[in-house]
Amino acid sequence: MAEASIAHVTADSRRYDRVLIYAISLVGAMIALALALVGGGVGFAGPAWQVGLLAVFALWAERHHVRITANAEMTVSVLPVLFAAVVFGPLDAMLVGALGLLGDFRTPYPRWAIWTAMRALAGGLAGIAAAAVLSQGEAFGVLVIAVAVAAVVEALCDAFLGAATVALRGSGSARGFLTSMHPIMTATVPLYTPLIALLAYAYNELAIWSVLFFFGPVFAAQRFYRLYQEERAAARQLERANLSFAAALVAALDARDRYTAGHSAAVAVYARDIAKRIGLSPDDQRLAHLAGLVHDVGKERRIMEEHSAIGERILGKVEGYAEIARIVRHHHERVDGNGYPDGLCDAEIPLISKIIGVADAYNAMTSGRPYRDAMPTRVARMRLAQAVGAQFDTTVAAAFEAILATANEGYLSGAHADFSVEAQRQPSLAEGENAAVGPMAQVASAASSA
């Protein structure tokens, strides 16, 4: 026990050292960029009061962040930084970005240093990119392109530095961070580009006082993100409630039939893995997993061939479960049209219903019952192969066989599948705890243990 504690402390110390070195490196890079700009003849171009006002906007946005996941917060402080980058230049953007984080100057200081350096570096590089485009002309179209390029550069800088921070901190994977960042970038960059372009045009062509109008869009965007976060929280709460309801149904059934809950957990695992194998989206993988958990809620021995239709009627009464109810209804259909309850053929059967059907049949064959022994996994796999094209979809069955071919004995038998454990996996799949932040966000726990 003492050795484990010492090892844990040593690991924390090493992680702290890595984060500290990373923070120092980022601050050094920030200073080097600023000195290089000054040495190249670039100076502060914006009036002090206007740059200060933009910094106040950035500071306000940082103080009203919206938490997206356990590892990330989202803000719109990037808006004043981008405006400064396009209108005034890279040094002004770096200053606005750095000043916007003064409110976070507290322990652990390496975290604040990382955030500040990331924001300043992103703003400086965005300013350099915008200046390069603006040197081609003064037309409004050129201004729009300059803003778009600056926004992309800022987002990419924020993404890669954030990914490095998450990896060093040990709170997630860099690859997962970058992957989940893509949809946010593609949604926000097109949204912010025309807004910043119009404000910059108004500033250059109409009056310098137009900078005061900046607060309106910043406030509106921040409010939008907060409403988005509240909606996500409500959706997660509803999903947990619905899952608890479904779990209660299976648990009640398990009181009469001890086989069912363990079978449902195994089917959920197999279905999720098949969905992943054939390239379905994370949302569809989650849907397959949840449908596997609840596919037998309508089970009743006396009317076995009606249980999928009964399950649909039960689940159809749960808010948000319409699609799952449809999947459950058709998981005993056959591709040759001889299944039940509706006799659907091949393309008429929902893909996830086909997945559940394969997983359900395999686990049913490899599970022992009071009236028969479990079938050897080798024989069950052969039975699946023999039924391809008649009962089972070729692609689904092939994907499952590829999974089983490299699986261990516990997975092959489904013996370690536990319904309560699998039920607990559902909320985490929906929340995406390792989701990335976007171009207007920060890594909230980049150095939280530093």
Side-chain angles (χ1 to χ4, degrees), residues 54 57-58 61-62 64-66 68-69 72-88 90 93 96-97 100 118-119 121-134 136-163 177-205 210-211 213-232 281-283 432 435-443:
L54 291 174
F57 290 160
E62 295 288 354
H64 292 80
H65 59 258
V66 177
I68 302 301
T69 72
E73 297 169 352
M74 179 176 288
T75 80
V76 292
S77 61
V78 68
L79 291 177
V81 173
L82 282 177
F83 182 87
V86 173
V87 175
F88 300 140
V96 171
M118 284 175 57
R119 184 66 70 212
L121 284 170
L125 293 175
I128 293 172
V133 176
L134 290 172
Q136 304 302 312
E138 299 181 356
F140 181 72
V142 174
L143 176 61
V144 173
I145 295 174
V147 173
V149 170
V152 170
V153 169
E154 196 282 337
L156 290 175
C157 181
D158 192 59
F160 284 102
L161 291 178
F177 189 103
L178 293 173
T179 299
S180 55
M181 186 171 189
H182 177 262
I184 301 178
M185 287 178 57
T186 55
T188 55
V189 171
L191 175 65
Y192 290 155
T193 295
L195 172 62
I196 298 295
L198 288 172
L199 288 171
Y201 180 80
Y203 179 87
N204 291 328
E205 301 296 329
S210 61
V211 72
F213 295 118
F214 200 85
F215 184 77
V218 170
F219 178 81
Q222 193 79 9
R223 180 58 181 166
F224 169 80
Y225 288 130
R226 187 163 296 280
L227 290 173
Y228 168 74
Q229 190 269 347
E230 292 173 355
E231 182 178 349
R232 276 172 53 91
S281 69
D283 282 345
V437 291
M440 72 305 295
Q442 296 183 133
V443 185

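Just so it is clear, the model here is predicted, and its values are computed rather than measured.
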Seminar exercise, completed: d(Leu79 CG, Leu195 CG) to nearest 0.5 Å is 6.0 Å

Exercise. Which pair of heavy atoms, one from Val144 and one from Ala197, lies closest together, and at what distance?
Worked result: CG2-CB, 3.9 Å

Exercise. By side-chain contact (heavy atoms from CB on, under 4.5 Å), which residues pair with Ala148, not counting sequence neighbours?
Worked result: Thr193

Exercise. Can you name the side-chain contact (heavy atoms from CB on, under 4.5 Å) partners of Ala126, sequence neighbours left out?
Worked result: Leu82, Ala85, Ala150, Glu154

Exercise. Does Phe88 reach the side chain of Val96, with side-chain heavy atoms less than 4.5 Å apart?
Worked result: no

For this session: Please step through side chain to side chain contact (heavy atoms under 4.5 Å, CB included) for the pair Phe83 and Phe57, ending with a clear verdict.
Result: CA-CA 11 Å; Phe83 182 87; Phe57 290 160; over 6 Å; no

Exercise. Got a sec, which residues hit ring pair (Phe, Tyr, Trp, His ring centres under 6.0 Å) with Phe140, two or more places apart in sequence or on another chain?
Worked result: Tyr201

Problem set entry | Sole residue of Val133, Val147, Val81 in side chain to side chain contact (heavy atoms under 4.5 Å, CB included) with Val86 | Val147

Problem set entry | Audit row: Glu138, Leu143, side chain to side chain contact (heavy atoms under 4.5 Å, CB included) steps and yes/no | CA-CA 7 Å; Glu138 299 181 356; Leu143 176 61; over 6 Å; no

Problem set entry | Shortest non-hydrogen contact from Val142 toward Gly137 | CG1-O, 3.6 Å

